[in-house]
*Asks:* 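Dropping the structure in here first, questions after.
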Amino acid sequence: MTIRSDPEENEIRTLLDLVDFSGKHVLEIGCGDGRLTWRYAEAAAHVTGIEPFEEAIRRANANQPDTLRDKVAFHHSAFEDFAAARESETFDVAILSWSL
Amino acid sequence: MVHALEEIRRLFKRNGVLVNILPAPEGYFIEVHHDGRILFAERKRETLSEDVLRAEAAIKQVLDRGLFVIDKKDEFDFRTYGSSVSEVRAYWEEQNAYEEEPKAKDVLAREEYLYAQVEEMLDELREGAEVAIHERVRIARLSAVK
């Protein structure tokens with residue numbers, strides 16, 4: 001058996017109650033292996049996931065559904081480094097996923 | 001942490017929304033599930049980690065400075081299931097690989113004690129039994145004030 005995280009989908013249900021992702025540019029900080037990303041990315045315009053743990057990013061890229069390849073970009077980076085190289089006013093939504 | 005929140009605010013377009021997901025003060029529990037019932041549930045950690053307390057303090061600081069306002073808050077239960085203690089432990093340790101604070105001796109001892117109890121139960125129950133880490137989680141939506 002493999003690990004099952006939140007099969008009850010409590011997290012995504014609560015998240016979608018709080019945020020409408022339609023057409024939004026999303027930054028997910030601490031995206032891990034994309035576990036949460038896959039659950040909302042379809043609705044968003046684009047998702048940028050960043051994660052300092054290299055193995056998690058490798059898995060996120062490996063597990064990315066084909067339908068989301070143009071929509072989701074993962075970066076192996078600490079947030080401070082990522083932010084320093086970014087222009088202002090880029091994102092509509094940021095998710096701090098257990099990561100502040 | 002405050003600098004990270006300032007940077008997030010800088011990266012936002014107009015009407016940017018920040019979603020912050022953090023463990024609730026209840027902490028997390030280790031459970032044994034069998035046939036849709038919870039047969040064992042014990043708190044794995046008594047208090048919030050220093051990392052979470054620092055994150056809370058950073059959020060409070062940016063709220064006090066008027067950089068963000070809280071629009072909405074909620075809580076939910078998050079469970080991670082596995083068929084063995086070793087499987088769940090390995091996953092949990094990987095998920096928390098970047099936790100800065102080393103665990104105190106008494107916390108580690110309690111975890112070992114609980115995992116041993118769960119392992120015993122799983123051995124007795126065998127088919128259909130699962131171990132779960134149950135976290136109570138807080139989620140908040142904050143709007144950036146520009």
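Within every chain, numbering begins at 1; the chains are lettered A, B, ... in the order of the sequence lines, protein sequences first and strands thereafter. In this text, all values refer to a predicted model and were calculated from it rather than measured experimentally. What you see below is based on every heavy atom in this structure, not just the backbone, and it leaves out hydrogens, waters and symmetry mates.
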*Asks:* For the residue pair Arg110(B) and Glu42(B), establish whether any side-chain heavy-atom pair is separated by less than 4.5 Å.
*Replies:*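 Result yes, sub-4.5 Å side-chain heavy-atom pair found.
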*Asks:* What residue in Asp71(B), Thr80(B), Val88(B) has the most heavy-atom pairs under 4.5 Å with chain A?
*Replies:* Thr80(B)
*Asks:* Is it the backbone or the side chain of Leu15(A) that comes under 4.5 Å from a heavy atom of chain B, or both, or neither?
*Replies:* both
*Asks:* If you define the side chain from C-beta out and look only at heavy atoms, does anything of Glu51(A) sit under 4.5 Å from Phe74(A)?
*Replies:* no
*Asks:* Is Glu9(A) in contact with chain B via its backbone, its side chain, both, or neither, using a 4.5 Å heavy-atom distance?
*Replies:* neither
*Asks:* Can you say whether Glu8(A) sits under 4.5 Å from chain B via the side chain, the backbone, both, or neither, judging by heavy atoms?
*Replies:* side chain
*Asks:* Quick check: Tyr28(B) with Trp92(B) (ring centres under 6.0 Å apart)?
*Replies:* yes
*Asks:* Would you say that more than 12 heavy atoms from the other residues, nucleotides or ligands in this model lie under 6.0 Å from the CG of Asp70(A), or not?
*Replies:* no
*Asks:* Counting only non-hydrogen atoms closer than 4.5 Å, does Tyr91(B) touch chain A with its backbone (N, CA, C, O), its side chain (CB onward), both, or neither?
*Replies:* side chain
*Asks:* Counting heavy-atom pairs closer than 4.5 Å to chain B, which one of Glu80(A), Glu11(A), Glu55(A) comes out on top?
*Replies:* Glu11(A)
*Asks:* Other residues, nucleotides and ligands only: do more than 12 of their heavy atoms fall within 6.0 Å of NZ on Lys60(B)?
*Replies:*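 No, the 6.0 Å shell around NZ holds no more than 12 heavy atoms from other groups.
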*Asks:* Is there a side-chain contact between His34(B) and Met121(B), using heavy atoms and a 4.5 Å cut-off?
*Replies:* no
*Asks:* Please determine whether the number of non-hydrogen atoms from other residues, nucleotides or ligands lying under 6.0 Å from atom CZ of Arg14(B) exceeds 12.
*Replies:* no
*Asks:* Answer yes or no: is there a side-chain heavy-atom contact under 4.5 Å between Leu5(B) and Arg65(B)?
*Replies:* no
*Asks:* Where does Phe79(A) contact chain B at under 4.5 Å (heavy atoms): side chain, backbone, both or neither?
*Replies:*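 It is the side chain, since no backbone atom gets that close.
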*Asks:* Any side-chain heavy atom of Leu68(A) within less than 4.5 Å of one from Glu42(A)?
*Replies:* yes
*Asks:* Name the option with the most non-hydrogen atom pairs under 4.5 Å to chain B; the candidates are His25(A), Arg59(A), Lys24(A), Glu28(A).
*Replies:* Arg59(A)
*Asks:* Check each atom of Ala56(A) against the heavy atoms of chain B and say whether the ones under 4.5 Å are side chain, backbone, both or neither.
*Replies:*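 Neither part; nothing is under 4.5 Å.
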*Asks:* So which part of Asp77(B) gets closer than 4.5 Å to some heavy atom of chain A, the side chain, the backbone, both or neither?
*Replies:* both
*Asks:* Less than 4.5 Å to any heavy atom of chain A: does that hold for the side chain of Ala140(B), its backbone, both, or neither?
*Replies:* backbone
*Asks:* Pick whichever of Asp33(A), Val26(A), Ile95(A) has the most heavy-atom pairs under 4.5 Å with chain B.
*Replies:* Ile95(A)
*Asks:* Measuring heavy-atom distances to chain A, does Lys73(B) have an atom under 4.5 Å in its side chain, in its backbone, in both, or in neither?
*Replies:*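 Nothing of Lys73(B), per the 4.5 Å heavy-atom cut-off to chain A.
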